[in-house]
Every structure is written in C-alpha cells, then in structure tokens.
Amino acid sequence: MRVVVAGATGRIGSRTVARLRDHGVEVVSVSRRQGVDVTTGEGLPQALRGADVVVDVTDTPSRTELASAQFFGTATGNLLQAAAGAGTEHYVVLSVVGAERAQAGYFRAKLLQEEQARRSPIPHSVVRATPFFESVDALSRSDVHADGVHVSPARTRPASLDDVAVTVAHVAVGIPLFGLLEVGGPEEFRLNELAATLLASRGDDRAVIADPYAPFFGAVLEERTLLPGGEAHVGHGTLAQWLKRR
C-alpha cells in the first residue's frame with residue numbers, strides 16, 4: 001500500500017507519517033520542503049502517482065474564516081484533483097470536532113473542506129479531532145484583556161497529537177468510512193479551567209475569565225460544541241503526561 005501524506009512535516013503530519021510506517025506501508029511525504037505546493041498544485045501529480053491512499057493533514061497558519069476557507073478550498077481541491085488523476089482509492093481528511101455545530105470561523109472552513117471530500121468520487125474518510133493541548137495552550141496566552149485572559153467555558157476532551165496521529169493512520173490503512181470518526185482525549189475539562197491550569201504551569205498568574213462570548217478559532221461556542229459523540233475513539237494522552245513532555 002502506497003500512502004501519500006500531505007502536510008507531512010507539520011506537528012500532526014510528522015507523527016502520522018511515523019504511525020503509518022508502524023503499519024508497514026510505503027509512505028510518501030508531501031510538503032513544500034519536498035518541492036510540492038498544495039496551494040498552486042505544483043508537483044502534485046508526480047507526488048501522488050501510484051497513491052492508493054491520500055492523507056490530508058494540511059493546515060493554515062490563519063484561523064480566520066476567510067483565510068482558512070480560501071486555503072482549504074484551494075489546497076483540498078488541488079489534492080482531490082491530483083488524487084483522482086492518480087486513481088487513488090481512499091482520501092482521508094483531518095477535521096475538527098464541532099465543525100457542523102459551530103459553523104463559524106475556522107470550524108466553518110473545515111466543514112467546507114469536509115464537504116469537498118464528500119462530493120468527490122473518491123471514497124473518503126473524515127477524522128474529526130477535539131482541540132489539541134497545544135491549541136488550548138496558545139489560546140490561554142492570546143485573548144488578553146485588562147482584567148485577564150477571556151476563555152470560553154465550553155466543555156471539551158483535549159487530544160494529544162500522538163493519539164490523533166494513531167487514529168488517522170489506523171483509518172488510512174482501513175477501508176473507507178464514507179463518513180466520519182471522532183477522536184478525543186480521556187479527560188473532560190472546561191476550556192477556561194484548562195487554560196488556567198496551563199497558565200499556572202508556566203508560572204503565569206494572570207486571571208482566566210470564563211466568558212461564554214469569547215471566540216475559539218473564530219467561533220462562539222455552546223457548552224457541548226467541542227465534545228465528541230459516544231462512538232468517538234478515546235485516546236490515552238492525559239494532561240499530566242502532556243505537561244511532563246512539554
């Protein structure tokens with residue numbers, strides 16, 4: 001089996017490549033470092049030649065809805081076109097838990113990306129992950145006001161990058177889902193409480209304000225927007241383990 005990973009040098013991509021190799025498959029890494037540009041299509045037909053599976057873990061540095069939608073619309077469209085030309089039999093895309101509920105900001109862009117995969121004639125699988133610990137850590141240092149850091153009190157089950165990579169690799173070597181699989185961590189937190197713990201772990205004594213209107217990746221969240229369903233895959237990475245490795 002030949003698996004092409006787009007976004008292979010990113011934090012989740014590099015881990016996904018390693019987990020795929022654990023399955024004993026041939027893995028081809030696709031990124032700008034390899035001379036392949038998903039936004040222009042440069043090098044894609046050659047990189048995807050002979051690909052049985054394409055794994056799309058590309059991401060955009062911007063979390064605004066417009067920039068994210070433009071990136072995924074272009075990059076995913078180019079990848080799907082090249083995959084169809086290569087006769088690829090399975091397209092796997094990494095998305096986010098809550099995409100269909102939030103429908104704003106980055107979540108809206110990821111939902112549009114999912115829809116591109118669903119409309120494609122290529123059999124597909126969507127893996128939706130809860131926020132990474134790294135994402136909440138960055139959030140805890142970003143939305144700063146005079147009275148402290150404002151963070152949504154929405155509930156979530158933060159996932160480790162390794163657990164998400166394991167799930168994506170497992171889906172990639174299996175039969176297409178023609179649907180989605182969610183993955184989250186073993187522990188449930190409110191975002192504001194998790195952010196406060198992460199700040200304290202850095203010796204940062206700023207107050208964390210539970211603000212239901214504070215956006216997360218450009219979306220105002222309901223209490224359960226970021227919680228996966230009952231059939232979700234539950235990873236093993238805990239907050240204590242992540243803090244120890246950080």
Side-chain angles (χ1 to χ4, degrees), residues 6-7 10-13 38-39 55-77 79-80 91-120 124-143 150-161 163-164 167-168 171 177 179-185 188-192 194-195 210-233 235:
R11 290 183 305 182
I12 188 66
V38 296
T39 59
V55 175
D56 182 0
V57 289
T58 59
D59 204 2
T60 170
S62 172
R63 292 296 184 265
T64 66
E65 182 172 335
L66 179 59
S68 298
Q70 288 175 338
F71 174 85
F72 290 123
T74 300
T76 303
L79 281 164
L80 285 166
Y91 192 91
V92 182
V93 61
L94 178 61
S95 187
V96 291
V97 166
E100 85 290 5
R101 293 190 289 270
Q103 292 202 25
Y106 183 76
F107 294 88
R108 174 65 175 166
K110 294 300 284 186
L111 185 63
L112 293 173
Q113 183 191 27
E114 291 180 17
E115 291 174 354
Q116 283 182 280
R118 293 189 187 100
R119 291 195 303 267
S120 168
H124 73 278
S125 298
V126 175
V127 177
R128 285 183 179 172
T130 57
F132 303 138
F133 288 112
E134 289 81 358
S135 300
V136 183
D137 189 36
L139 170 73
S140 69
R141 290 174 282 149
S142 62
D143 197 5
H150 286 225
V151 181
S152 168
R155 296 181 179 276
T156 190
R157 302 181 69 90
S160 73
L161 292 167
D163 283 335
V164 175
T167 305
V168 171
V171 169
L177 300 176
L180 62 89
L181 174 67
E182 294 181 320
V183 55
E188 183 174 317
F189 301 93
R190 289 190 182 273
L191 278 178
N192 62 301
L194 179 56
D211 182 352
Y213 298 103
F216 182 75
F217 284 11
V220 174
L221 307 174
E222 300 292 337
E223 182 174 30
R224 302 183 65 83
T225 299
L226 300 180
L227 283 178
E231 300 300 317
H233 174 76

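Quick note: residue numbers are just sequence positions, from 1. Computed from heavy atoms alone, side chains included, the values below leave out hydrogens, waters and symmetry copies.
Looking only at side-chain heavy atoms (C-beta outward), Val96 and Phe217 stay at 4.5 Å or farther from each other. In this structure, Leu66 and Phe71 have side chains that are not in contact, with every pair of non-hydrogen atoms separated by 4.5 Å or more. Val126 places none of its side-chain heavy atoms less than 4.5 Å from the side chain of Leu177. Considering only heavy atoms from C-beta on, Pro158 comes within 4.5 Å of Phe189 through its side chain. Looking only at side-chain heavy atoms (C-beta outward), Thr156 and Glu188 stay at 4.5 Å or farther from each other.
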Q) Is there a side chain to side chain contact (heavy atoms under 4.5 Å, CB included) between Val136 and Leu191 once you walk through the steps? A) CA-CA 7 Å; Val136 183; Leu191 278 178; 3.9 Å; yes

Q | Candidate pair Leu227 and Val97, rule side chain to side chain contact (heavy atoms under 4.5 Å, CB included), full reasoning | A | CA-CA 7 Å; Leu227 283 178; Val97 166; 5.9 Å; no

Q) Yes or no on side chain to side chain contact (heavy atoms under 4.5 Å, CB included) for His124 and Val92, after CA distance, side-chain angles and deciding distance? A) CA-CA 6 Å; His124 73 278; Val92 182; over 6 Å; no

Q: Assess whether side chain to side chain contact (heavy atoms under 4.5 Å, CB included) is satisfied between Thr74 and Phe72, documenting all intermediate values.
A: CA-CA 5 Å; Thr74 300; Phe72 290 123; over 6 Å; no

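Glu65 contributes a side-chain N or O that, together with a main-chain N or O of Gly105, makes up a donor-acceptor pair within less than 3.5 Å. The main-chain N or O of Ala154 is never found under 3.5 Å from a side-chain atom of Glu223 such that the two would form a donor-acceptor pair. Proximity of a side-chain donor or acceptor of Arg190 to a complementary backbone N or O of Pro153 within less than 3.5 Å is detected. Formation of a donor-acceptor pair under 3.5 Å by the Lys110 side chain with backbone atoms of Leu94 is found in this model.
Remark: Glu114 engages Arg118 in a salt bridge, criterion side-chain N to carboxylate O under 4.0 Å. Salt-bridge check for Arg128 with Glu100: passed, with a basic side-chain N closer than 4.0 Å to an acidic carboxylate O.
Shown here are the salt bridge (charged side-chain N to carboxylate O under 4.0 Å, His left out) partners of Arg11, two or more places apart in sequence or in another chain: there are none.
Between Ser135 atom OG and Arg63 atom CZ the span is 6.5 Å, to the nearest 0.5 Å. One finds the CZ atom of Phe133 at 7.0 Å from the CG atom of Leu194 (value rounded to the nearest 0.5 Å). A distance of 7.5 Å separates OG of Ser95 from CG of Leu111, quoted to the nearest 0.5 Å. We find the CG-OG distance between Leu181 and Ser125 to be 9.0 Å, quoted to the nearest 0.5 Å. Taken to the nearest 0.5 Å, the CD atom of Glu182 stands 6.0 Å off from the CG atom of Leu180.
Here the shortest heavy-atom pairing between Asp163 and Val183 reads O-CG2, 4.4 Å. A pairwise comparison of heavy atoms in Leu221 and Phe216 identifies CD1-CB, 3.6 Å as the closest pair. For Asn192 against Ala210, the heavy-atom pair with the smallest separation is ND2-CB, 3.5 Å. Closest heavy-atom contact between Gly7 and Thr58: N-CG2, 3.8 Å. In terms of heavy-atom proximity, Gly184 sits nearest to Thr130 at CA-OG1, 3.4 Å. Contact detail for Arg155 and Leu226: the closest heavy-atom pair is O-CB, 3.6 Å.
The 12-atom threshold is not exceeded at CD of Glu222, counting heavy atoms of other residues, nucleotides or ligands nearer than 6.0 Å.
Donor-acceptor pairing under 3.5 Å is recorded for the side chains of Ser62 and Thr64.
The side chain to side chain contact (heavy atoms under 4.5 Å, CB included) with Gln116 is formed by just one residue from the set Thr76, Asp56, Val93, Leu79; it is Thr76.
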